[in-house]
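Below: one structure, written as structure tokens.
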2 protein chains.
Amino acid sequence: MRPVGASGVETRQRVEATALALFAAQGFTATGIRQLAREAGITSAALYSYMGCKEDLLASLMRGLMEPLLERSQTIATSDTQPEVRLRALARAHVRLHGEEPLAARIADTELRALTGDLLGEMLALRDAYEALWVAVIVDGVRDGTFACADTRLVAIALIDLCTGVSGWYRPDGRHTLETIATMHADLCVAAIRAPR
Amino acid sequence: MRPVGASGVETRQRVEATALALFAAQGFTATGIRQLAREAGITSAALYSYMGCKEDLLASLMRGLMEPLLERSQTIATSDTQPEVRLRALARAHVRLHGEEPLAARIADTELRALTGDLLGEMLALRDAYEALWVAVIVDGVRDGTFACADTRLVAIALIDLCTGVSGWYRPDGRHTLETIATMHADLCVAAIRAPR
DNA sequence: TAGAACTAACTGATCGATCGATTATAGTGC
DNA sequence: GCACTATAATCGATCGATCAGTTAGTTCTA
């Protein structure tokens, strides 16, 4: 039964926003499609107009964070600037997106294990490509003497993790702007591996 | 039907080890008690000899990480040493335990949202008490001029997160000993917030 | 010392509930 | 009239937890 004035575009947005909120708050598996549908204002059967299956919905939400993050970061990592400038910009981009999209970030950071098959492969590839950008920038910095570190991959992961917690606590009405927070994290990253003078 | 030679002590250990592995690999909610029981070598009914309910089991696994972590860290944070020494030791303790107990760490880091009521309150209190130790040490370091940072809480969380990723990749047969990795992380933490000279 | 009584360590079956996904159908809007 | 946007009902399956019962191991007592 189609309600008066129903719009597929709006309903899709509601479904996605509801899924973001519920998956982030209680986890993918713990969110049943009946709850998702009810809170999106439709029935569970109607959900399948907007998603292939539940796992497809999860993957698309995660993609919604990972793809822009990777894109922004690829541009930064390949820019013709000093490694320190690039590392700062990588950190900023990471914190910014995690602050702008905390729900998607939280899902992307915790629900990889809910994915199977090709979807899992795809998300792992995005994650690995993203990490590789950080590694490359740090390697450049070590090579030109800006940075010093004993294990580039370990450090890249540690710094990415350092920038990741924002999604758990940032609020737009908090003490600092997201830009300030992003800068603080960038400062921490650069200071952490700056080579001794 | 009691099997010949069955031992409650051994069975309990198997249940806990199985739960650690499964909860960490696929998530708490996605791990059904029939699977847990089967892989522990008993039936789902027998599980209830070893846990109050599924959520109780989760909480006890998380407690198994959080309590020693908090204990070790309390001793460190209240020791009569310089803030830098204490921060290094906090980071080491964190990385060490996350490397020694990667499964419990992974669960503690991702499954808080599966808890409800008093259990959730308890775990949140442990987490908050733990964070407060880092904050206190960093505050001391800022006060005595060793450290410089604009927002102590933000930095404490960022540094804890920096040390947390180990549980995702450390393997005992890897390139570095856990002690070396712990030291690297401690170095990153101290360098990240050391005051300019 | 043997058997009864008890405790420990389970089992198969069941309960009430929910799960993700599908199907036939129906109202809406252009 | 047809594409869109839903619905109620249903399917086959699984969920966490409980219950009545069974076997193994230990202790007690006559």
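The basis for the numbers below is simple: all heavy atoms, side chains too, and nothing from hydrogens, waters or symmetry mates. Per chain, numbering begins at 1; letters A, B, ... match sequence-line order.
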Q) How are the rings of B:Phe23 and B:Phe28 set relative to one another: parallel (under 30°), tilted (30 to 60°) or perpendicular (over 60°)? A) perpendicular
**Q.** Euclidean distance, atom CG of residue A:Leu57 to atom P of C:dC19 [Å, nearest integer]
**A.** 16 Å
**Q.** Value in whole Å for how far the P atom of D:dC4 lies from CD of A:Glu10
**A.** 17 Å
Q | Distance flag, aromatic centroids of B:His176 and B:Tyr170, threshold under 6.0 Å | A | no
Q: May I have the step-by-step check of side-chain contact (heavy atoms from CB on, under 4.5 Å) for A:Val15 and A:Met51, ending in yes or no?
A: CA-CA 9 Å; A:Val15 166; A:Met51 63 181 192; 5.7 Å; no
**Q.** B:Arg113 and A:Thr110: CA distance, side-chain angles, deciding distance, side-chain hydrogen bond (donor to acceptor under 3.5 Å, both in side chains) verdict
**A.** CA-CA 11 Å; B:Arg113 66 195 175 193; A:Thr110 59; 3.2 Å; yes
Detail all sub-3.5 Å separations between protein N/O atoms and N/O atoms belonging to nucleotides 26-30 of chain C.
unit_1 : atom_1 : unit_2 : atom_2 : d
C:dT28 : O2     : A:Arg2 : NH1    : 3.3
C:dG29 : OP1    : A:Gly5 : N      : 2.7

Q) NA contact type, A:Thr31, heavy-atom cut-off 4.0 Å: base, sugar-phosphate, or nothing? A) sugar-phosphate
Q. How close or far is atom P of D:dG16 from atom CG of B:Asp56, stated in whole angstroms?
A. 14 Å
**Q.** Same cluster (ILVMFWY, side-chain, under 4.5 Å), B:Val135 and B:Val155
**A.** no
(Q) Surrounding CD of A:Gln82 (heavy atoms of other residues, nucleotides or ligands, distance under 6.0 Å), is the total greater than 12? (A) no
(Q) Go nucleotide by nucleotide along DNA chain C from the 5' end; which of B:Ser7 and B:Ser44 gets its closest nucleotide reached first? (A) B:Ser7
Q) Where do B:Thr180 and B:Thr177 land on the side-chain hydrogen bond (donor to acceptor under 3.5 Å, both in side chains) test, with the steps shown first? A) CA-CA 5 Å; B:Thr180 299; B:Thr177 64; 2.8 Å; yes
(Q) Roughly what angle, to 10°, lies between the helix axis at the start of the helix from C:dT1-D:dA30 to C:dC30-D:dG1 and the one at its end, five pairs per end? (A) 10°
Q: Give a yes/no on whether any side-chain N or O of A:Ser49 is located under 4.0 angstrom from OP1 or OP2 of D:dT5.
A: no
Q: Can you establish whether the number of heavy atoms outside B:Arg14 located under 6.0 Å from its atom CZ is more than 12?
A: yes
Q. In whole Å, what is the span from the NZ atom of B:Lys54 to the P atom of D:dT18?
A. 14 Å
Q: Between A:Arg12 and B:Cys53, name the one whose nearest nucleotide on DNA chain D is closer to the 5' end.
A: A:Arg12
Q: Calculate the interatomic distance between B:Met51 atom CE and C:dA9 atom P; express it in whole Å.
A: 17 Å
Q: Report the distance from atom CD of B:Gln35 to atom C1' of D:dA13, rounded to the nearest whole Å.
A: 15 Å
Q) For the pair made of OH in B:Tyr48 and C1' in C:dC15, what is the distance, rounded to whole Å? A) 13 Å
Q. B:Ile33 near the nucleic acid: base, sugar-phosphate alone, or nothing, with a heavy-atom cut-off under 4.0 Å?
A. base
Q | Length of the line joining A:Glu55:CD and C:dA21:C1', which is rounded to integer Å | A | 14 Å
Q.
Check the orientation of A:His94 and A:His98. Use parallel for under 30°, tilted for 30 to 60°, and perpendicular for over 60°.
A. parallel
Q.
Let's see if you can work this out: which of C:dA21, C:dA9, D:dA8 has an atom nearest to the side-chain heavy atoms of A:Arg34?
A. C:dA21
Q.
So, OP1 or OP2 of D:dT5: does either fall under 4.0 Å of a side-chain N or O from A:Thr11?
A. no
Q.
Can you confirm whether more than 12 heavy atoms, excluding those of B:Arg153, are under 6.0 Å from its CZ atom?
A. no
